[in-house]
Amino acid sequence: AAPAQAQSVKIGIVGPFSGPFAHYGALFKAAAEAYVAGQGGKLGGREVELIYRDTGGPNPAQTKSLVQELIVKDKVDYLGGFVFTPNALAVAPLIQQSQTPTVIFNAATSSITEKSDYFVRTGYTLWQVTVPLARWAAKQNIARVVTAVTDYGPGLDAEAAFKSEFARQGGTVVESIRMPIATTDFGPFVQRIKASGAQAVYTFLPGGPPNLGFIKAYNENGLAKSGVRFLGTAETDEFDLQKFGDSAVGLTTAFHYSGAHDSAANKAFVAALKKQDPGAAANYASVGAWDGMHVIQKMIEATGGRKDGPKAIATARTLQWESPRGPVRIDGKTRHITQDVYLRQVEKVGGVLVNKEVESFGPQVDHGLAQ
Amino acid sequence: MSLLLDIRDLDKRFGGLHVTRGVSFQLHAGDRLALIGPNGAGKTTLVNQVSGVLRPDAGEIWLRGENVTRLGQAQRVRLGLARTFQITTLAPQLPVQRQIEMALFEREGLGGRAWRSVDAYPALNAEAQALLQRFGLRAHAATPTEDLAYGEQRLVEMALALALRPKVLLLDEPMAGVPRGDGARLLAALDSLPRDLAVLIIEHDMDLVFRFASRIVVLAEGAVLADGSPDDIRRDPKVRAAYLGTPA
Amino acid sequence: MTVLFNIAVDGLAYGMVLFVIAVGLSLTLGLMRFVNLSHCAFAMVGGYCAAFLVRQAQWNFWLAVPAAVIATAALGAVLELLVLRHLYRRKELDQVLFTIGLSFFLIAATNALAGPQVQLIPLPPGLAGSVDLGFRTLPAQRLLVIGAGLAVAGAAAWTVARTRFGIWLRAAVDHSGTASSLGIPIRVVQCASFAAGAALAGFGGILGAELMPLEPYYALKYLVLVLVVVAVGGMGSIAGSLAAAVVLGVIETASKYLASDWGSLFFFLAMAALLAWRPDGLLKR
Amino acid sequence: MTEAMLKLESLKAGYGPTTVLDGLSLAVAPGERVAMVGRNGVGKTTTLRAIMGLVPLAGGRIEFLGEDISRLSPHQRARRGLGYVPQTRDIFPSLTVEENLLAGLKHRPRSAVDEAYALFPRLAERRRNGGTQLSGGEQQMLSVARALLGRPRLILLDEPLEGLAPLIRQELLNAFQAMSRETGIAVVIVEQQVDEALRYARRALVLDHGTVVHESDAQVLLRDTETLDRWVGMAVH
Amino acid sequence: MNTSTTLQGPAEAPSEARHAAAPRCRPAWRAPLIVLALGALACALLPEQLGLMTRIFVAALFVLSLDLVVGVAGLATLGHAAVFGTGAYAAGIFALKVMPDPLAGLAIGIGAGGLLALASGAFLLRYRGFTFLMLTVAVAQIVLSLPQKARDWTGGDDGLSGFTVGPLLGRFAFDLEGRVAAFYALAVLVLLYYVARRLVDSPFGLAVRGIHENRARMAALGTPVYRRLLAMYTAAGAIAGAAGALSAQTNAIVGLDSLSFALSAEALVMLILGGAGRLGGALVGAVVFTLLHHTAASINPYHWLFVVGFMLMAVVLVSPAKAWGWLRRRAGAAS
Ligand SMILES: Nc1ncnc2c1ncn2[C@@H]1O[C@H](COP(=O)(O)OP(=O)(O)OP(=O)(O)O)[C@@H](O)[C@H]1O
Ligand SMILES: Nc1ncnc2c1ncn2[C@@H]1O[C@H](COP(=O)(O)OP(=O)(O)OP(=O)(O)O)[C@@H](O)[C@H]1O
Ligand SMILES: [Mg+2]
Ligand SMILES: [Mg+2]
């Protein structure tokens, strides 16, 4: 290989590029390339080569062999990506052994960063955004809440987070509904929510069709009309938001990033992203990748482009910067991103639906690890 | 001669259709019995009950002194019962010799052996080839069964039943569709069967029936219409009216 | 008590959606004996066409639906003429392989053309709201599905069982050569039947879109569900499919009301029990 | 011989690489009863299938009622008046007995199935049964009746007597005799029951290796044991 | 008609003219030996791709077991992942809770797969055809819902991880490059391929193939049809369990995907692709599909479905066997 080639830094991006979750991969790619392009094509003065690997859905075995190949054959210096928790967990032993710094853009189970010293996370965890929401709900004189979450890892995480914090605040969770992951007809669950007599429903759903189905059922079965408040997190994600139509107006969520966040950094991010890929949505996945690339850039700068995992991670632990989502820093202990979480409401601005940030809860750590 | 098959008051209905009505008859060693009767009289259904494909609604079937009415097909085969099918029923893609060997392995109780190759049983391999030789199929030993001409498949059908070395053999229209030239070959094969074997044959070709059978049972509307020697049957006016038609 | 009513209402509505999506496959699989695993891909095509016509081309909903159904039928007919007819006599596994490949291809094509997002079919004002049932409300669209499902069931069952065409179709499938020697135009019959199956799929895709949202992976996502309905109902039995869809729909709904923690366990347990009890279909005598 | 109804001119056909029919020619006059005999595998069935359009022709031509039908599909030939009873019977298993008959009606009204029940009363008793639940012989009756319902002007019968009881065999042949007298239907019958077929037919053809090797009056052939032994191999009498 | 057709299919050279008419099996060790040679060669040539190799070996073993069910016994199933996943979870839990020795874990996986197949087969094999197919789907879904519920034991959808696998034979530790894993998987594949080969060529295998082609006839020959099928189903389950255990041990994680419908369907696609019923086809299908997936997905992750879809359709329309024959004839004509 040519010397210039030998000096380039290799970054493996692992995510779903095919299958039902392929849009995550597309967003990772768009944001990462937008970031690199914004730095003049170089990070820390080095050429970078992005190598994409497709995991499909949650498929730890395949992910592991892909990452093994990235490390052994492609000799990547950094890894990024990861949408699903089991895929991230699968590579923990590999990156620990090979000392490869790995930035998690999305996978949101708290415990992941504990599994290897080389994990850094620029996404969010459900505890991080749910705990402030539970506190806020209690303050609104909402005493009785029903939780309705999709029955899989993140959903259970969300349910646990809400229940424990809401109880601590003196509220009651009157019923905890778990909705099977393959649910298409949400009518029955909405009827149960209605029958539970709660004042609000806290919900967590995986993106895409279930979001749509739930919110449609929420409106069609008259929940909104009968005054049962909607409390969510990623449900009004910018990727699906426009599909909801006017029925989404007024939905309340707590989240760390809104595409409508009002700051110069965010405007720059949105512009760069749209320039890279006009179809890409500015949402938690793309912002996770964008900030993830920022962390990688800082690690490259600190190590001078040489492969030195421990040094790179030591640098990452101290990072602090202005992200499109607001001010953030990497928690030195947990290697998880500490960020502001906002209360948002869906509003229609100029014919499009946006998540309007109405209140900031201030910087939040990963409450899940604090447990 | 010893009693091999004893059918007692067999009854069978398909929904509202009464196909077998109190049929009884016996088969002794050495018998050459022809079962004849109009189409739809219930001949095949009777064979199906005897061989265990169908369960009778009432009545009993005794095979070599054992009541087999409730037993499965496999147990009846082990007691020495073998049959052929009116409509060719073979494994189409297996080579002809393998087809025969399957029967031999089952007969010897080796069908569950799961380690040594089928080629490692030379005695049985040779026996299969000898059997094929007897039916003039030796050259086709490696031919997939479905590639054989129809008449040859009928021969394989017969060879399979014989491979089991049965005590009681049930043949359901073995000559159907076989030209008389080939039929002669089949007949020769039948004639060379061990004398103590009991054979029940269903056949509509009366020339053949009268040449082969030592006894004839006539079935009509599910019931036994007549049972006797070929000469008796030939002269029986009831049989003529129901089955034979013009004087044979 | 209310729970029971709720289960009945929601179960029926859900079951009818299952039925309209599955009935076309019951026909192709049961009557044509063609293992068409791309059935849901045809449903997706129908749905996407309708979504495109209503949203992009601004057609009237009531006009767009028949147009989309016809378009799906046409696609089915063309595919049948070009390729699928050569597969009727092939082994089932070949049919499986080909139609899975076709589904993959259509998924990729849909993804490339329309992107990965969910496609919505905007409903006309009359259908968008809810209907008050006294003790609760029900989306009006669900009533349309119930009505349309019953109509489809009636029409299809009548065509298959009572008309000359139904007899021709079944004859052509059993022994095509002999059927044609009796004067039956088998190619026309086969092509028309396949197109009809595709049309029903498209219709189901449109009507079911409220519950089973249209996205590229639609083609594989609901395949198992549809196969379950067809199997429990008995291949080729329209009344059976209807019964199976409603029974399974009610069971699934009941499990959502009463035991949702167990996910689809009860659905599959019920399916196994029903199949074990009636291996050839619910309504088989 | 009067003007031919069906004329085959040096037909060539086969399956894949194997040629079965090798320049076969024959003609059938209106209302004629022709028996076609020959050893196993000489191409009798293939001839009938070729006439019906069920095997592709590699050469030659088929004329029916003065029209070249070589390129027509089987159902078009059927609509021009050809009928066929296949050797394998081919009862449609997913249809009931009555529906099997309806399948043969072409465009005639449903009530026409009564003709079939008049011919074979046994079928009337089984009309609601599944087609393949019938006994072997009943299936044969059904197959014949089904083909007759289409009112063919010429019917091709491939071993129609197989599996039928002697009484029924006679009745069937008598029925054909009556039919050809009344409606002028022409019959080509292939049979292994050579004597019965020859007694019934007017003219006889002997096939071997895909060509007609002998042609004569049927009654003459019936007594011509030498020819029969040579080409048909029936040392029965 | 003097070409000799063997049990495996295409004929050997008709060297022994005397026996030309008799069908003969090939020696059972030959094909596995070729697999061993090719596998070792591939590992030696592509030392950086050992992870991929391991994945291929495991997939091949799994599809091989599927072939015993689908191709040999003629039982189309879409629930074979149930036994694979059970083997994987059993081996994983064993490593976590009992001991890390890989061979003991492999034995546990084999036992678990075989047991599940025996239990579920006892129910499933009472049914046939489409009903059987759909019942396998139901059983697999029911099996899938158990580890989903038993999060404490299995980690639920986060997957079962955190177990370590000890060194093979107490000497060879599993390394980062995956050398030990690859050779371990290859060895197990070759061994079980040999076992499967013997099984199929034995009288028992012959009976099962007879049942596949004509159940009524086998019953009339006195074969206890149900028992034979159950035995074959159990054997296949044990082999699938071994594949599952291998997957668990070489990846050090077990996810719910190892029980999923998608895995069952994908294995079936691989099998049909390579040709069902000949064992060798199963291996070819697994290799081709996995390689294609890997390369197509790394060239353009977005559109690999186009490639696969196209290939599946093409394989049906232009069957590989026919294409081979055509190529050979062309080559023969040229030389
Ligand atoms: N599975 C079934 N269901 C309903 N009726 C049946 C079934 N099997 C046979 N039958 C009926 O039972 C009667 C007897 O049939 P069977 O096959 O025993 O006749 P057969 O004497 O063998 O006639 P053939 O000489 O024509 O073969 C027939 O009328 C047939 O229609
Ligand atoms: N589908 C087929 N594929 C390949 N060869 C065939 C096929 N059908 C028939 N043959 C072959 O064609 C030749 C003629 O067959 P055909 O059926 O016409 O004979 P036939 O005179 O009707 O004999 P039979 O008296 O047995 O009915 C035979 O050698 C047969 O093996
Ligand atoms: Mg019979
Ligand atoms: Mg013939």
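Lettering of chains follows the sequences in order, A, B, ..., and the numbering in each one begins at 1.
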Give the minimum heavy-atom separation between [X] and [Y], together with the two atoms involved.
{"X": "A:S65", "Y": "E:G51", "result": "CB-O, 3.9 Å"}
{"X": "E:D157", "Y": "A:G153", "result": "OD1-N, 2.6 Å"}
{"X": "A:P58", "Y": "E:D257", "result": "O-CB, 3.4 Å"}
{"X": "A:K64", "Y": "E:T250", "result": "NZ-O, 3.1 Å"}
{"X": "E:I253", "Y": "A:P86", "result": "CD1-O, 3.6 Å"}

Heavy-atom check, side chain of [X] versus side chain of [Y], under 4.5 Å:
{"X": "E:E48", "Y": "A:D74", "result": "no"}
{"X": "A:Q68", "Y": "E:T54", "result": "no"}
{"X": "A:Q62", "Y": "E:H293", "result": "yes"}

Would you mind checking which part of [X] comes under 4.5 Å of any heavy atom in chain E, side chain (CB onward), backbone (N, CA, C, O), both or neither?
{"X": "A:D151", "answer": "backbone"}
{"X": "A:L156", "answer": "side chain"}
{"X": "A:I112", "answer": "neither"}
{"X": "A:P93", "answer": "neither"}

Gap between atom OG1 of A:T85 and atom CG of E:D158 - 0.5 Å precision:
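That separation rounds to 5.0 Å.
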
Inter-residue atom distance E:N251.CG - A:N59.CG, 0.5 Å rounding
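Going from CG on E:N251 over to CG on A:N59, the span is 9.0 Å.
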
Report the option among A:P16, A:G56, A:G57, A:P60 that has the most heavy-atom pairs separated by less than 4.5 Å from atoms of chain E.
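Option with the top pair count is A:P60.
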
Heavy atoms of other groups near E:F306 CZ, more than 12 under 6.0 Å:
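Counting neighbours around CZ of E:F306, more than 12 heavy atoms of other residues, nucleotides or ligands fall under 6.0 Å, so yes.
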
